[in-house]
Amino acid sequence: MCTDCLFREDAYLKECSATVVGLTDAGGVMLDRTVFYAASGGQPADRGVLTTATGDTIPIANASYTDPARPASTRTRSPENSPR
């Protein structure tokens with residue numbers, strides 16, 4: 001399933017409703033839609049928070065694009081989740 005990248009239509013959009021569609025092996029959260037811009041071409045990724053239906057917040061320190069067709073060794077990982 002592809003994530004709908006809402007920032008492509010409105011770069012100033014600051015929030016949206018989204019559904020968690022999966023988790024990555026590295027502990028990442030996959031959403032059906034997002035306003036977070038992923039790190040790319042030297043531009044840093046957006047940071048922010050996800051707010052759950054119960055009001056709990058989950059800090060997002062990095063957004064990355066994961067392409068399941070690419071080998072895991074070439075996928076972008078955040079420094080916190082990289083193997084040591």
Side-chain angles (χ1 to χ4, degrees):
M1 167 181 229
C2 291
T3 299
D4 186 11
C5 298
L6 302 176
F7 56 82
R8 290 186 177 138
E9 298 296 322
D10 182 352
Y12 296 100
L13 193 60
K14 297 203 183 278
E15 61 183 51
C16 72
S17 295
T19 300
V20 174
V21 296
L23 302 172
T24 69
D25 293 338
V29 177
M30 294 183 290
L31 303 171
D32 66 337
R33 59 200 317 232
T34 186
V35 297
F36 289 101
Y37 183 83
S40 176
Q43 175 154 343
D46 287 342
R47 291 185 267 165
V49 296
L50 296 179
T51 304
T52 68
T54 60
D56 295 322
T57 58
I58 302 166
I60 303 300
N62 184 35
S64 63
Y65 173 75
T66 301
D67 182 350
R70 291 171 59 193
S73 62
T74 63
R75 294 182 190 161
T76 303
R77 295 176 185 246
S78 65
E80 303 87 36
N81 296 327
S82 294
R84 302 211 191 289

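Values below: every heavy atom of this structure, side chains too, minus hydrogens, waters and symmetry copies. Values in this document were obtained by computation on a predicted structure and should not be read as measured data.
Looking at heavy atoms from C-beta onward, L6 lies in side-chain contact with D4 at the 4.5 angstrom threshold.
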Could you go step by step and tell me if L50 and F36 meet the side-chain contact (heavy atoms from CB on, under 4.5 Å) rule? CA-CA 10 Å; L50 296 179; F36 289 101; 3.9 Å; yes
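Hydrophobic clustering of Ile, Leu, Val, Met, Phe, Trp and Tyr side chains at less than 4.5 Å, counting indirect connections, keeps I58 apart from V35.
To the nearest 0.5 Å, atoms OG1 (T34) and CZ (R8) are separated by 10.5 Å.
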Just list the side-chain donor-acceptor pairs under 3.5 Å for residues 23-31, sequence neighbours left out, or say none.
unit_1 : atom_1 : unit_2 : atom_2 : d
T24    : OG1    : A26    : N      : 3.3
T24    : OG1    : G27    : N      : 3.3
T24    : OG1    : G28    : N      : 2.7

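The nearest pair of heavy atoms linking A18 to R33 is CB-O, 3.4 Å. Here the shortest heavy-atom pairing between A39 and A45 reads N-CB, 3.4 Å.
Sorted by first and then second residue, the ring-ring contact (aromatic ring centres under 6.0 Å, His included) pairs with a member in residues 41-62 form an empty list; sequence neighbours excluded.
Exactly one of T3, V20, T19 qualifies for a side-chain contact (heavy atoms from CB on, under 4.5 Å) with D32. That residue is T19.
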